[in-house]
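One structure is given here, and the rest of the page talks about it.
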Amino acid sequence: DSGTTTPTTKTNQPTLPTLPADATGPRAASWARQAVASGDAAAFRAVVAHARRLAGHRNGKEALMAGLEGAPGVRRWVGEVLAGEWLALSLTGSGSRVVQCALQVGDEALREQIVTELHSHLDTLVDHTYGNHVAHRMAEHCGPLSMAVLMPQLIAGAVDLSTHVYGCRMVQQVIKRCPGWMTRDLQRVVVEHQTYLSMHAYGNYVVQCVLEHGDPQLGWEIARGASARLESYCDNKFASNVVEAVLRWCPEAGDLVVDAALGGPRGLGGLGGTGFG
């Protein structure tokens with residue numbers, strides 16, 4: 001019959017807010033921030049749908065960071081959408097800020113997801129202008145489960161990381177934060193290369209960190225090594241700091257240092273007369 005009309009199908013699906021066409025412009029970022037602040041699930045999903053474009057832009061990153069710092073549901077959706085993108089984001093100025101925020105405020109599941117993606121690219125991150133900040137945040141905020149994923153890479157690259165301007169900070173942070181049983185193998189690598197590291201501009205700080213925060217038994221091994229090479233250590237600008245750290249953090253090992261000084265060809269007075277002794 002010509003008068004018959006086809007009924008219109010209605011759905012109960014919410015109408016998502018329309019994101020401006022330019023998802024990286026200031027107007028889009030402002031819209032996204034409002035959507036996050038509204039607490040509306042549909043608006044949240046609209047933000048997350050554009051997460052990749054927003055995360056890589058200086059305006060959009062602020063919206064995603066607001067979401068990460070907000071409701072757990074938004075945090076989870078952001079994590080799901082950005083899966084597979086964490087490395088690429090870590091190597092851009094804006095994206096790096098988003099990854100750092102996720103590591104700082106995310107739960108352990110999100111941190112483990114990020115670390116699982118990034119752990120095999122640790123050398124790339126540490127050597128990168130923006131990526132090194134992500135590496136430092138991993139060491140600063142990740143819990144035992146995430147660190148268990150990262151630790152094999154740290155141990156394998158311990159010497160190179162310890163002698164890197166950014167990597168040495170990461171190694172120190174891990175030794176300070178993580179329980180001794182988890183970092184003992186890492187500390188052991190430092191002790192095995194203590195002479196080289198002690199005389200290095202950055203490596204000496206890692207050796208000092210083991211003395212202050214590490215296993216006391218390994219600290220004794222460092223003290224014995226420093227005593228055995230006391231004259232060369234005292235002649236070196238960086239290794240002389242390790243000798244001071246031995247006296248400061250392992251005072252019971254002070255007799256080893258004094259005996260080595262008294263028994264050396266230059267004697268205690270001779271060492272004191274050097275530039276760093």
Side-chain angles (χ1 to χ4, degrees), residues 87 90-91 115-142 144 146-246 248-250 253 256-257 276:
L87 177 61
S90 297
L91 303 181
V115 171
T116 299
E117 246 182 70
L118 296 182
H119 75 280
S120 60
H121 304 282
L122 191 56
D123 290 345
T124 301
L125 291 173
V126 167
D127 206 36
H128 195 274
T129 303
Y130 304 121
N132 81 86
H133 297 291
V134 173
H136 187 69
R137 289 286 180 264
M138 286 195 292
E140 190 175 25
H141 295 287
C142 286
S146 301
M147 288 308 303
V149 176
L150 189 61
M151 194 60 68
Q153 279 5 84
L154 288 169
I155 294 170
V159 176
D160 289 338
L161 288 170
S162 296
T163 53
H164 191 280
V165 61
Y166 301 135
C168 69
R169 295 186 303 174
M170 184 180 189
V171 176
Q172 290 176 73
Q173 190 67 245
V174 170
I175 293 172
K176 288 177 184 178
R177 283 192 64 247
C178 294
W181 61 265
M182 180 175 279
T183 64
R184 185 173 175 82
D185 288 343
L186 176 62
Q187 295 179 56
R188 171 61 65 185
V189 176
V190 173
V191 172
E192 289 172 355
H193 296 84
Q194 62 171 295
T195 302
Y196 170 63
L197 294 176
S198 294
M199 295 188 176
H200 193 276
Y202 306 124
N204 79 90
Y205 293 110
V206 178
V207 179
Q208 292 182 64
C209 185
V210 173
L211 284 165
E212 182 178 359
H213 300 283
D215 187 313
Q217 183 179 345
L218 295 178
W220 264 94
E221 292 189 34
I222 293 173
R224 282 195 290 268
S227 300
R229 304 170 185 83
L230 187 60
E231 291 194 12
S232 61
Y233 272 41
C234 289
D235 286 337
N236 183 273
K237 176 180 179 180
F238 307 115
S240 61
N241 295 328
V242 174
V243 177
E244 290 184 35
V246 168
R248 182 181 302 114
W249 301 115
C250 298
L256 291 175
V257 176
F276 309 107

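Salt bridge annotation for Arg169-Glu140: absent, with no cationic side-chain nitrogen under 4.0 angstrom from a carboxylate oxygen.
The side-chain heavy atoms of Ser90 and Leu118, taken from C-beta on, include a pair separated by under 4.5 Å. For the pair Arg184/Leu218, a side-chain contact is recorded, criterion being any heavy-atom separation below 4.5 Å from C-beta on. Counting heavy atoms from C-beta on, the side chains of Val171 and His164 never come closer than 4.5 Å. Using a 4.5 Å cut-off on side-chain heavy atoms (C-beta onward), Val159 and Tyr196 make contact.
Counting all heavy atoms, side chain and backbone alike, Ala239 lies closest to Met199 at CB-CG, 3.9 Å. Here the closest heavy-atom approach between residue Asn132 and residue Val126 is recorded as CB-O, 3.5 Å. Between Cys178 and Met147, the shortest heavy-atom distance links the atoms SG-CG, 3.9 Å. Ala158 approaches Ser162 most closely through the heavy-atom pair O-OG, 2.7 Å. What you find for Thr116 and His119 is that their closest heavy atoms are O-ND1, 2.9 Å.
A donor-acceptor pair shorter than 3.5 Å cannot be found between the side chains of Ser198 and Gln194.
To the nearest 0.5 angstrom, Ile155 atom CD1 is 10.5 Å from Gln187 atom CD. Ile175 CD1 to Asp215 CG: the interatomic distance, rounded to the nearest 0.5 Å, is 11.5 Å. Note: Leu125 CG to Arg137 CZ = 13.5 Å, rounded to the nearest 0.5 Å. Atom CD of Gln173 and atom NE2 of His141 lie 8.5 Å apart (nearest 0.5 Å). Separating the CG atom in Leu211 from the SG atom in Cys250 is a distance of 5.0 Å, to the nearest 0.5 Å. Between Ser227 atom OG and Tyr233 atom OH the span is 9.5 Å, to the nearest 0.5 Å.
Side-chain N or O atoms of Asp160 include none that pairs as donor or acceptor with a backbone N or O of Gly157 at under 3.5 Å. No side-chain donor-acceptor contact under 3.5 Å links His213 to the backbone of Val210. Asn236 places no side-chain N or O within donor-acceptor distance of the main-chain N or O of Ser232, the cut-off being under 3.5 Å. With hydrogens and angles ignored, the 3.5 Å screen pairs no side-chain donor or acceptor of Arg177 with any backbone N or O of Gln172. The backbone N or O of Thr124 sits nowhere less than 3.5 Å from a side-chain atom of Asp127 that would complete a donor-acceptor pair.
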Worked verdict on Leu91 versus Tyr130 for side chain to side chain contact (heavy atoms under 4.5 Å, CB included) | CA-CA 6 Å; Leu91 303 181; Tyr130 304 121; 6.0 Å; no
- Item | Pair Trp249-Glu212, side chain to side chain contact (heavy atoms under 4.5 Å, CB included): steps then yes or no | CA-CA 6 Å; Trp249 301 115; Glu212 182 178 359; 3.4 Å; yes
Open item on the list: Quick one, Gln208 with Tyr205, criterion side chain to side chain contact (heavy atoms under 4.5 Å, CB included). Give me CA distance, side-chain angles, the key distance, then yes/no.
Closed with: CA-CA 5 Å; Gln208 292 182 64; Tyr205 293 110; 4.0 Å; yes
Going through the distances and angles, do Ser146 and Met138 end up as a side chain to side chain contact (heavy atoms under 4.5 Å, CB included)? CA-CA 9 Å; Ser146 301; Met138 286 195 292; over 6 Å; no
